[in-house]
Amino acid sequence: MMNAKPTHTFTNHDVAEHLRLIATLKEIKGEGRFHWLAFRNAADVIDNLPEDVNDIAAAGTLTDLPGVGKGVAEVIEQFLATGDSELAGKLRSQVPVTLVELTEVPGLGAKKVARLWRELGITTLAELKAAAEAHRIRELKGFGAKTEENILKGVALLEQRRHARTPLGVARPQALGLIQALREALPADAITAIEPAGSLRRWKETVGDLDILAITPDPAQVMAAFQQLPQVEEVLLGGETKTRVRLHGGLECD
DNA sequence: GCCT
DNA sequence: CAGTACG
DNA sequence: AGGCCGTTACTG
């Protein structure tokens with residue numbers, strides 16, 4: 001029996017996030033509501049699904065799900081197989097992905113983000129902040145001093161969320177979970193030793209990020225496995241001997 | 001886009 | 001009042 | 001083919 005378990009294992013949440021990415025990109029691009037609404041609806045469905053979407057896909061019964069038709073099903077299948085989709089790729093070539101995080105600023109939706117991009121060339125959080133500070137935002141029709149102020153507040157909020165320290169009580173379990181997940185994802189002899197490091201190891205009351213130290217004969221293998229853990233939201237830096245990622249929830253981990 |  | 005964000 | 005959440009709240 002061929003028991004090869006897939007090297008990428010994507011969770012329902014991963015799929016949902018990909019669908020949301022597509023929806024947001026489409027929305028920013030300016031496509032009609034229904035075009036992107038469908039993807040956002042499908043994302044919610046997948047996110048709340050009790051069953052594993054991998055199983056459903058394997059059974060070829062994706063389109064039985066409410067809100068999932070031919071188009072969405074195709075995207076899901078591609079994503080589960082490759083971690084990406086043609087549609088998302090095409091969208092990324094037309095709209096800067098960095099615009100998505102601008103959408104997370106309270107008070108900014110796709111419409112406004114699209115205008116900031118097209119009319120002021122703003123694509124990143126840093127550019128947004130700079131433009132607001134320079135009072136360039138209020139020049140746009142429909143934007144005012146108030147909006148500008150709110151944007152500054154919002155950006156500060158996001159930056160703080162990113163730099164916020166995390167209580168040991170939540171950080172440590174996460175780190176232990178990562179370690180266990182890593183062990184389970186690799187053969188027993190792949191990791192000689194692995195343990196929390198940094199402030200985590202020193203039992204500080206709060207930690208700025210997670211540090212995990214591993215001794216291994218094959219660093220590349222461990223780095224690869226680490227990046228593919230379901231807890232990982234985004235790989236910030238993927239080196240041969242060190243990897244930095246951002247976990248779901250914003251916590252970063254080396 | 002999905003659904004009726 | 002119209003447009004936009006949000007629950 | 002045709003519809004596709006709807007109210008509340010804020011900004012300009």
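Chain identifiers are assigned alphabetically (A, B, ...) following the order of the sequence lines, protein sequences preceding nucleic acid strands; residue numbering begins at 1 within each chain.
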Considering only heavy side-chain atoms of Lys111(A), the closest of dC2(B), dC6(C), dA5(C) is dA5(C)

Q) With a non-hydrogen cut-off below 4.0 angstrom, is Lys112(A) in contact with a base, only sugar-phosphate, or nothing? A) sugar-phosphate

Leu37(A) CG to dG7(C) C1', in whole Å, measures 15 Å

Review point. Can you tell me how far P in dC4(D) sits from the matching atom in dC6(C), rounded to whole Å?
Key: 24 Å

Here the distance between atom C1' of dG12(D) and atom CD of Glu149(A), to the nearest Å, is 16 Å

Phosphate OP1/OP2 of dG1(B): any Lys26(A) side-chain N/O under 4.0 Å: yes

Report task. Assign Leu65(A) to base, sugar-phosphate, or nothing according to its heavy-atom contacts below 4.0 angstrom with the strands shown. Result -> sugar-phosphate

Taking dC5(D), dT11(D), dG1(B) as options, the one with an atom nearest any side-chain atom of Asn150(A) is dT11(D)

Taken to the nearest whole Å, CZ/Phe34(A) to C1'/dA1(D) is 14 Å

Leu19(A) CG to dC2(B) C1', in whole Å, measures 13 Å

Whether Asp52(A) side chain and Asn12(A) backbone form a donor-acceptor pair below 3.5 Å: no

To the nearest angstrom, the CZ-C1' distance between Arg40(A) and dC3(B) comes to 20 Å

To the nearest angstrom, the CD1-P distance between Ile76(A) and dC2(B) comes to 10 Å

Closest of dG12(D), dG1(B), dC6(C) to the Thr147(A) side chain is dG12(D)

note: Asp44(A), atom CG; dG7(C), atom P; distance rounded to Å ~ 14 Å

Taking the six-membered ring of Trp36(A), is the NZ or CZ of Arg20(A) close enough (under 6.0 Å from the centre) and on axis enough (within 45°)?
no

Q | Salt-bridge present (Glu148(A), Arg136(A); N to O < 4.0 Å) | A | no

Which of dT11(D), dC2(B), dC4(D) is nearest the side chain of Ala38(A)? It is dC2(B)

Show, in sequence, the C-alpha distance, side-chain angles and deciding distance for Thr147(A) and Asn150(A), and conclude whether the side chain to side chain donor-acceptor pair (under 3.5 Å) test is met. CA-CA 5 Å; Thr147(A) 319; Asn150(A) 286 335; 5.9 Å; no

Across every strand shown, the nucleotide meeting Watson-Crick or G-U wobble geometry with dT7(D) (both distances under 3.5 Å) is none

note: Phe143(A), atom CZ; dT11(D), atom C1'; distance rounded to Å ~ 11 Å

Which whole number of Å gives the distance between the P atom of dT4(B) and that of dC5(D)?
14 Å

salt_bridge(Glu159(A), Lys129(A)) N-O dist < 4.0 Å: yes

Sugar-phosphate only, base, or nothing, as touched by Ala145(A) at under 4.0 Å among non-hydrogen atoms: sugar-phosphate

